[in-house]
Amino acid sequence: MKKMKVRGILIDINYKEGKIFLTIKNESGISTFYDDYYDYFYVEKNDENNAIINKLGMENVLDEVELEGKTFYKIKKVNEENEFYIKYAHNIPAWKKYLIENEITPMNLLELEVENDKILEVKDVGSYIPKLKVISFDIETYAPFIIPRVNKDPIIFASYASRDGEKGVITFKRGNRDFELLVKDEKELIEKLCEKLNEYEVIVGYNSSSFDIPYLMKRAEKLNGKFWLGNEEIEIKKLTTGKIVRTSGIIHFDLFYLIRLLANAQAIKTQRYSLEEIYEEIIGEKKMDLEEEKMCEIYDSDEKRGIYLDYSLSDAIATYKIFEKLYPLIVEICKISKIPLKELNNITSSQLVESLLFEYSYKYKFLIPNRPSEEELLERSEEKVIGAYVKIPEPGIYEKIAVLDFRSLYPSIIVAHNIDPKTLNCGHKECMKNVSPSGSYFCIKNRGIIPITVENLLSLRKKLKEELKKNDDPLIRARVAALKIILNSFYGMFRYVRSRWYSKECAESITTWGRKYILDIAKKAEEKGFKVIYMDTDSTFLTMGNKSKEDVIKFVEEVNKEIPEAMELEIENFYKRGVFVEKKTKEEIGARKKYALIDENGKIKIRGFELVRRDWCKFARDTQLEVLESILKEGSKEKAVEIVRNKIKQLREGKFKKEDLVIYTQLRKGKYKVTSPEFSAYEKARKRGIKIPIGSIIGYVITKNGKSISEKAEIAQFANDFDIEYYINNQVLPAVLKILGAFGYSEEDIKYYGKQTSLGEWENG
DNA sequence: CATGTCTGCTTACC
DNA sequence: ACTGGTAAGCAGACAGA
């Protein structure tokens, strides 16, 4: 038995019956060491609990701790059954406690002192970007009905790609590509893929938890073959939002979930989460695409099969490239919130925040509140909190606009006013002046754990942002991005009904203070002679008239002197022109959350318009974009009208691609009170024997077949004709009418245009 | 049986 | 396992005539 030191990156951590397992990676590969560690919970030291402990035996008491002025016993968790009425920290994963108590961080470099496999000492020696052996993979199926049927449609290709240049497509039908790996049949294909994947430390897929891995497993089972990853059974957990695949001995990472988190946090914006769109958004180039309907046909053709192989490989490569680009961000998320890589497979922003608050609570000796009971959940779900202020804009076109923004408004309010369930209405007389417009006041003597945490993160982010100005380092950029995502989720902790830190009063105080601060800006700006045209939550749009940029800068500086230290008003940008439109439903009332701006460099920013929505067809969205661009850039209404005229002509002449007419809508439920086009299209597909999972995004088009729009709706793949009138009157025209209207163009005229068009009269004139 | 209004539903903004 | 409030707007359902 010799003691030795081991250094390596902590890539995984697990707990099982009194033991913690740390998975470490270094030059000699991956190894796992264990530490004796008992999961525990806290109970308050009082007579009732003393009696229970006496019965249980003192050996179950691991420690005594002081938290928030009370004494707690730390009780060894042997099983879930015990008599304690109130327990704390009992449903926090043991591995998380271990990480926090030993001050070690996933993805950091650790120094272990071990004896055999047993850990004697563990030390975190700092930040490190681990280079892991990563391979991406993807499968293709032969699915004549587009949506694969697992008991019928075979897997025809399995592709993979890795950093070391390893790439290939496993197939049992030749495609004459040098990267193809020929096997005998599907069963061998699956096994070959396993061999390949298991050579690596991390396997990355895109939607692989919900599709590729379950499909591979079921096909393997059907063919009496084997699909294996790592060293234990693959565990599939079904959630409402998709499936989670858990492996051990090898890390499976599904990029899809991270993408969803980033999309929720507004870090990426795409219409759909398809690999193609995500690749374009993140990598900035187009990815090879194949028409779904022709895939079987291409596969069946000996000459064309190679193209399908190219496509299959391009999927694996795209997945790999996205992973590599996001890798610094992934690592930072793991580090900041102390979550091992595999846990990101099922992550939400509230979990990131919770994880951070666990750590800070431990550090600052705060008791971690428990999760709510079912009753509390019910009570909480009844409570409503009034949110942010949104100003109704005057429709029209504006010149010289300045947009001001509060930097991290809600987090900075939390810090400025020390908002926390534990500081709420503290009883101190001198704290009563720190009162919110909703009537709650917050302690000014003792800091709450949430303000402490938020303040730390805010100042860290500020520091990193300054560093970033000097040195544009991707790692720092990733940290800034990760911190932004986390900071924006803190406010949600107060009103998320399942939150441990739920507080209606805190949430209410934040939003009422937020409204007060933003309305104060409006008042001050008007006093200074600016005109406030629009506001939403933390942003203010001013028209400058004959005022200069310096005047705006001066105004912002003055404001910043008056508001609390932690808060800051910033200039988001100056715009030379902007468009606000009427609501479609009510004449002359401006629509909120809908605007288009062009800055001094010609860069366009568009929010809320149909063109950013996936439930409008691309044809109408493109038309709207062109119209907005021409108005913002050239200010020419004649040209804008000409664009619409031409687009309608194109529709009539059949000059469009089918995919430009597809409308995407998510089917969120299996049962509806009303028939919608997407549900009707889904039903028709189901009658054809196509299974579309609930939660899918349905792509449908409107055909000539039927009376109502729902009757005419058909899943894109099965549609052969298109109701052009629908696309003119319900898509293209509604998307541009209000914009041209804002430009002073008479709406009747344009509508008349539309009608004339529908009679087919003005192609000639 | 047209017409206006309400309802159910999805998506976007912050 | 889901930050949630503010808002727009479509298509279908319904109502009073």
Side-chain angles (χ1 to χ4, degrees), chain A residues 237-242 244 257 260-261 263-266 269 271-272 346-354 371 377 380-381 383-393 405-406 408-411 484-499 501-502 504 507-508 510-511 514-515 518 534-539 572 581-586 589-595 605-616 620 663-669 671-680 697-698 702 707-713 726 729-731 734-735 738:
Chain A
K237 230 170 103 184
K238 269 194 189 169
L239 304 174
T240 42
T241 46
I244 307 294
Y257 289 94
R260 209 174 51 183
L261 174 81
N264 274 341
Q266 316 274 322
K269 282 185 181 181
Q271 297 277 323
R272 291 175 300 155
N346 174 27
I347 196 71
T348 61
S349 52
S350 65
Q351 283 169 288
L352 295 179
V353 171
E354 194 176 62
R371 288 209 190 112
L377 275 183
R380 289 176 180 187
S381 57
E383 297 184 328
K384 288 279 170 280
V385 171
I386 298 172
Y389 170 71
V390 190
K391 185 181 166 74
I392 299 174
D405 252 329
F406 275 109
S408 304
L409 178 66
Y410 287 180
K484 185 179 180 182
I485 294 169
I486 294 170
L487 275 164
N488 281 340
S489 314
F490 269 91
Y491 164 65
M493 289 301 286
F494 287 133
R495 45 177 194 180
Y496 171 38
V497 290
R498 289 178 189 277
S499 163
W501 286 272
Y502 177 91
K504 180 185 189 279
E508 222 164 32
I510 293 169
T511 55
R515 290 203 300 271
I518 194 86
Y534 181 60
M535 313 183 95
D536 188 350
T537 313
D538 56 0
S539 62
E572 193 261 343
V581 296
E582 277 178 5
K583 283 178 30 154
K584 286 184 190 171
T585 45
K586 275 201 182 105
I589 290 184
R592 290 169 274 196
K593 298 187 184 285
K594 229 176 154 176
Y595 57 86
K605 178 175 175 177
I606 296 174
R607 291 292 119 98
F609 274 105
E610 285 76 1
L611 74 94
V612 303
R613 299 177 64 98
R614 67 168 170 227
D615 53 359
W616 284 75
I663 298 160
Y664 294 95
T665 311
Q666 190 184 15
L667 198 80
R668 297 156 79 130
K669 308 196 283 183
K671 222 177 164 182
Y672 288 89
K673 287 183 180 165
V674 289
T675 337
S676 58
E678 63 272 18
F679 188 69
S680 157
I697 293 168
I698 309 279
I702 302 303
K707 271 190 187 154
S708 69
I709 295 166
S710 289
E711 277 174 40
K712 292 177 176 186
Y726 169 85
N729 296 314
N730 296 35
Q731 292 276 323
K738 291 293 176 188

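Throughout, protein chains are lettered first and strands after them, A, B, ... in sequence-line order, and every chain is numbered starting at 1. Just so we're clear, the structure is a prediction, and the values are computed from it rather than from any experiment.
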Roughly, in whole Å, what's the span from CD1 in A:Ile663 to C1' in B:dC9?
15 Å
For A:Glu354 and A:Ser350, indicate whether the former's side chain and the latter's backbone hold a donor-acceptor pair under 3.5 Å.
no
Could you tell me whether a side-chain N or O of A:Ser680 sits under 3.5 Å from a main-chain N or O of A:Ser676, the two making a donor and an acceptor?
no
Without swapping roles, check the side chain of A:Arg380 against the backbone of A:Ser499 for a donor-acceptor pair under 3.5 Å.
yes
Roughly how far, to the nearest 0.5 Å, is CD1 of A:Ile702 from CD of A:Glu711?
11.0 Å
Those stems involving DNA chain C that have three or more consecutive Watson-Crick or G-U pairs, both distances under 3.5 Å, are B:3-14 with C:4-15
Would you find a donor on one side and an acceptor on the other, under 3.5 Å apart, between the side chain of A:Tyr491 and the backbone of A:Asn488?
no
For A:Glu383 and A:Tyr502, which I'm curious about, is there any donor-acceptor pair between the side chains at under 3.5 Å?
yes
Do any side-chain nitrogens or oxygens of A:Arg614 fall under 4.0 Å of OP1 or OP2 in B:dT10?
no
Please encode protein proximity along nucleotides 6-16 of chain C as a string of B, S and -, counting only heavy-atom distances under 4.0 Å.
BSSSSSSS---
In this structure, how many angstroms lie between the P atom of B:dC9 and the CD1 atom of A:Ile697, rounded?
18 Å
Taken to the nearest whole Å, CG/A:Leu487 to P/B:dC14 is 18 Å
Whether A:Tyr534 side chain and A:Lys593 backbone form a donor-acceptor pair below 3.5 Å
yes
